[in-house]
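Notes follow the structure.
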2 protein chains.
Amino acid sequence: MALTRKSPTIQDVARHAGVSTATVSRALSMPERVSQATRERIAVAVTATGYTLNQAARSLRRQRAGTIVMAMPNAGNPYYSTILDAVLAEAGHRGYGVLVSNRVQGDPTIWLRDYFLSSRADGLLLFDITLDVSGMRRFMEERGNLPIVVVCDEIIEPGFNLVTSDNREATGRAVQHLVDLGHQHIGLVAGPTIHDYPNERTLGFRQALARHGLAMREDWIIAGDHSIGSGYQAGSQFVALDERPSAVVCANDEMALGFISSVQQAGLHCPRDVSVVGFDDIDMAQYVSPALTTMRQKRAELATISTSALIDIVEGVRDPAKPVRIILRCDLIARASTAPPKGAAVRPAREFRF
Amino acid sequence: MALTRKSPTIQDVARHAGVSTATVSRALSMPERVSQATRERIAVAVTATGYTLNQAARSLRRQRAGTIVMAMPNAGNPYYSTILDAVLAEAGHRGYGVLVSNRVQGDPTIWLRDYFLSSRADGLLLFDITLDVSGMRRFMEERGNLPIVVVCDEIIEPGFNLVTSDNREATGRAVQHLVDLGHQHIGLVAGPTIHDYPNERTLGFRQALARHGLAMREDWIIAGDHSIGSGYQAGSQFVALDERPSAVVCANDEMALGFISSVQQAGLHCPRDVSVVGFDDIDMAQYVSPALTTMRQKRAELATISTSALIDIVEGVRDPAKPVRIILRCDLIARASTAPPKGAAVRPAREFRF
DNA sequence: TGGCTGCATGTAATCGATTGCATGGAGGCG
DNA sequence: CGCCTCCATGCAATCGATTACATGCAGCCA
């Protein structure tokens with residue numbers, strides 16, 4: 001193996017260009033402060049020596065890592081693919097690297113310690129919807145404000161920077177869609193609860209049923225964990241019910257796909273025997289059969305906006321006294337997995353309700 | 001907003017414990033070199049001060065970042081979800097952070113410069129199958145050996161550390177499976193080519209057809225780019241063919257799903273009208289209908305092995321003179337998307353082949 | 001011409017942890 | 001008892017870039 005030659009440093013460039021390291025440094029990060037001629041000589045020296053900046057040294061001196069952490073509960077979930085893509089794009093655009101971190105067991109503040117308290121990263125993009133924020137808050141109060149943006153499906157207590165979707169309302173609109181089709185019996189495949197508290201989508205579902213005067217049957221609310229497998233299991237539970245709803249709302253697309261797969265395998269037909277609405281509109285949703293009706297979440301926008309906001313905070317561009325609070329609207333994408341219930345002939349959308 | 005108090009440093013800990021910074025440093029990274037009593041005093045001081053190590057300073061001094069880069073062509077592809085998950089787990093386990101990087105346009109060596117030449121990272125896990133290696137090789141020769149492990153679908157020229165699947169053979173087995181079912185007319189939805197050179201899966205397909213003495217029709221080889229959308233388009237092209245093969249091999253699952261969706265929408269039925277084999281066995285594959293027959297790629301293993309190997313190289317554990325070269329076997333997972341061709345009644349698998 | 005302004009550049013301290021070398025003390029052995 | 005070894009610890013240089021402050025020079029105006 002060839003010997004790893006030592007990387008050229010700013011000293012080498014300075015020597016080569018016949019200037020001081022201070023000038024080289026300035027030429028690189030504040031070019032307008034250096035004369036045209038010197039700038040050019042330095043540019044030549046940089047290419048001649050093959051100089052690359054040592055980020056560790058810069059971080060140490062500047063007290064800034066040039067890196068953000070994207071923390072998620074489960075990187076294995078394809079839901080995050082689009083998000084990751086957009087986060088990378090925006091962060092790269094602004095000159096930041098992205099460290100990715102999966103859920104850590106135990107103390108949630110481990111992220112804080114491990115990454116940006118150790119000046120490995122400057123900010124945290126937090127996608128973990130099941131995180132206990134109280135521990136974090138205590139930690140933040142001890143340390144002063146830390147640049148964190150929560151990006152997720154849930155409305156977190158105020159004071160945090162938040163970029164999210166209108167999950168509660170959107171779930172209501174999903175129910176509305178089914179009601180408009182004539183459904184009176186609607187079930188839910190729910191996502192994980194947040195510390196024994198139902199999440200926003202579940203809440204939205206319950207409220208919508210109440211608003212429409214529809215019966216709420218607890219055995220029609222099936223617990224899932226957002227994975228395809230849990231949707232599949234929910235499907236089995238659904239099939240085994242004595243009395244089945246004519247439609248279900250699934251708290252995300254993956255569960256919806258698993259659910260449909262499961263009931264179809266059991267001999268039921270979607271949407272004839274059961275209409276299914278998903279949530280998120282993952283890439284796959286339009287390519288399965290039946291194509292999935294779903295609430296589209298603007299994942300790329302959520303990612304871009306939150307990343308940009310986080311970097312603004314890190315760079316002090318944004319007034320930290322005013323926390324970010326952005327809620328994007330989801331859109332219903334009606335596809336083939338929803339239809340009027342079996343019995344219904346023609347159904348005048350509104351008149352039949354209650 | 002609270003003032004961001006300055007982070008405690010090793011100096012603070014030293015003062016608090018009444019020892020020198022050298023001792024604190026040693027207590028933290030080589031505990032056996034410090035006496036029991038001092039170690040305990042330091043532990044107390046660490047919690048008392050709330051000390052966290054400054055990674056930038058450590059990196060600078062140690063000339064090691066404690067970070068690896070995972071570089072992929074397209075983070076938006078869910079294929080990488082499982083891989084990312086496993087990479088994070090293994091890297092975390094060994095105490096490394098993971099920087100994620102998407103394909104960069106232009107010069108491929110930008111990854112090298114941007115990340116680990118600038119001591120932002122110590123090694124590179126390279127998933128980009130369409131990368132031009134010649135530029136990289138030149139770069140590496142200039143600089144001495146750099147810790148890079150290529151993890152991908154392609155056999156790259158020797159000299160690189162490589163962890164991959166037996167793509168060529170596996171594609172052959174996919175063809176074998178179809179032949180065993182009685183198919184004589186087989187098409188391909190191909191992945192992207194590598195610098196005008198067909199990739200391993202395409203090669204494996206061609207070779208297998210030849211081995212079985214089957215006709216090779218160029219209009220039955222449809223180009224795709226591994227995205228669902230391109231599979232969908234390939235489906236449209238397929239439907240428009242004058243004469244259609246009775247089965248197709250798709251170079252990955254996503255294209256297979258898009259393909260099936262497309263032909264089903266056009267009124268064809270899978271597997272009755274066309275059998276489809278995918279590649280990878282992504283999570284979704286078993287939950288679509290028809291469930292997808294596919295070659296399972298051991299993605300998690302590939303990720304774990306390659307990450308571990310990379311870190312070994314970084315830490316000098318592994319002899320750099322012997323490049324890593326690990327090829328994992330893929331397994332056929334037969335599901336519902338493949339069946340005997342329409343005409344075939346009972347088909348004695350082998351006898352018909354000549 | 002003298003003094004002032006302002007620009008380009010240099011000098012040197014600094015960021016925080018690591019580590020080679022030095023030191024001092026305890027213990028062992030002849 | 002004297003010398004040698006070894007262990008625990010301290011001292012101080014070091015990693016490479018940044019930046020506050022100093023310097024020196026050119027240009028301008030009175």
Side-chain angles (χ1 to χ4, degrees), chain A residues 4-43 45-46 49-67 95 113 116-122, chain B residues 4-43 45-46 49-67 95 113 116-122:
Chain A
T4 305
R5 227 161 309 158
K6 230 170 106 354
S7 231
T9 73
I10 201 172
Q11 319 275 350
D12 302 318
V13 178
R15 199 173 318 118
H16 194 284
V19 296
S20 73
T21 60
T23 305
V24 176
S25 176
R26 279 190 285 254
L28 296 176
S29 45
M30 335 140 76
E32 74 284 356
R33 298 273 320 264
V34 170
S35 77
Q36 176 72 24
T38 320
R39 221 183 306 155
E40 278 164 13
R41 235 158 1 111
I42 290 175
V46 165
T49 53
Y51 170 71
T52 49
L53 180 81
N54 183 317
Q55 283 287 350
R58 166 177 280 186
S59 299
L60 176 59
R61 182 58 229 235
R62 284 206 178 155
Q63 305 283 59
R64 178 160 305 176
T67 295
R113 304 200 148 275
F116 68 122
L117 281 189
S118 65
S119 66
R120 232 179 172 153
D122 305 317
Chain B
T4 306
R5 228 160 309 159
K6 227 168 111 346
S7 231
T9 74
I10 201 172
Q11 319 276 350
D12 301 319
V13 177
R15 200 173 319 117
H16 194 285
V19 295
S20 73
T21 62
T23 303
V24 176
S25 177
R26 281 189 284 254
L28 296 176
S29 45
M30 336 139 78
E32 73 286 355
R33 298 274 320 263
V34 171
S35 75
Q36 177 71 24
T38 320
R39 221 183 306 153
E40 278 164 12
R41 231 154 8 107
I42 290 176
V46 165
T49 54
Y51 169 71
T52 49
L53 179 80
N54 183 320
Q55 282 288 349
R58 164 177 281 187
S59 298
L60 175 58
R61 181 58 228 238
R62 285 207 178 154
Q63 304 284 63
R64 179 161 302 174
T67 296
R113 305 200 148 275
F116 69 121
L117 282 189
S118 65
S119 66
R120 235 181 167 148
D122 306 316

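Just so it is clear: chains get the letters A, B, ... in the order the sequence lines come, proteins before strands, and each one is counted from 1. This structure is a prediction, so every number in the text was calculated from the model and none was measured.
Between the side chain of B/Arg61 and the base of D/dG16, no donor-acceptor pair of N or O atoms lies under 3.5 Å.
Computed from coordinates, the A/Arg64 CZ to D/dT18 P distance equals 13 Å when rounded to whole Å. Look at CD1 on B/Ile10: it is 8 Å from C1' on C/dT18, rounded to the nearest Å. Protein atom CG of B/Asp12 is 11 Å distant from nucleotide atom P of C/dC15, rounded to whole Å. The interatomic distance linking B/Gln36 (CD) with D/dC7 (P) rounds to 17 Å, in whole Å. Atom CE in A/Met30 sits about 13 Å away from atom P in C/dT9, given to the nearest Å. D/dC7 atom P lies 14 Å from atom CZ of B/Arg39, rounded to whole Å. Taking atom CZ on B/Arg33 and atom P on D/dC7, their separation rounds to 9 Å, with Å as the unit. Rounded to whole angstrom, the span from the CZ atom of A/Arg120 across to the C1' atom of C/dA17 amounts to 14 Å.
Nearer the 5' end of DNA chain D, as judged by each residue's closest nucleotide, is the contact made by B/Ser20, out of B/Ala57 and B/Ser20. A residue-by-residue look at A/Glu32 and A/Ala22 shows that A/Glu32 has its nearest nucleotide of DNA chain C further toward the 5' end.
The nucleotide whose nearest atom lies closest to any side-chain atom of B/Arg62 is, among D/dT9, D/dT19, C/dT19, C/dT19. Nearest to the side-chain atoms of B/Arg26 among the listed nucleotides C/dG10, D/dG16, D/dG10 stands D/dG10. When distances are taken from the side chain of A/Thr38 to each of C/dA17, C/dT9, D/dT9, the shortest belongs to C/dT9. For A/Gln11, the listed nucleotide lying nearest its side chain is D/dA17; candidates were D/dA17, D/dT9, C/dA8.
Among the protein residues, B/Val24 comes within range of no part of the nucleic acid, since none of its heavy atoms lies under 4.0 Å from any strand. Among the protein residues, A/Ser25 comes within range of the nucleic acid bases, having at least one heavy atom under 4.0 Å from a base atom. Within 4.0 Å of A/Leu28, counting heavy atoms only, lies no atom of the nucleic acid at all.
From A/Arg120, atom CZ reaches atom CZ of B/Arg120 across 13.0 Å, with rounding to the nearest 0.5 Å. The CZ atom of A/Arg15 lies 13.0 Å from the OG atom of A/Ser20; values are rounded to the nearest 0.5 Å. Residue A/Arg39 holds its CZ atom at 8.0 Å from CD of A/Glu32, rounded to the nearest 0.5 Å. The distance from atom OG of B/Ser29 to atom CZ of B/Arg58, rounded to the nearest 0.5 Å, is 5.5 Å. Between the CG atom of A/Leu53 and the OG1 atom of A/Thr9 there is a distance of 11.0 Å, given to the nearest 0.5 Å.
A/Tyr51 has no side-chain polar atom (N or O) that falls below the 4.0 Å cut-off from OP1 or OP2 of D/dG16. An OP1 or OP2 oxygen of D/dA17 is reached within less than 4.0 angstrom by no side-chain nitrogen or oxygen of A/Ser29. A sub-4.0 Å separation between OP1 or OP2 of C/dC15 and a side-chain N or O of B/Thr9 is absent. Contact check, B/Gln63 against D/dG16: a side-chain N or O comes under 4.0 Å of OP1 or OP2.
Contact record, B/Val34 with B/Thr23: CG2-O, 4.1 Å, taken as the closest heavy-atom pair.
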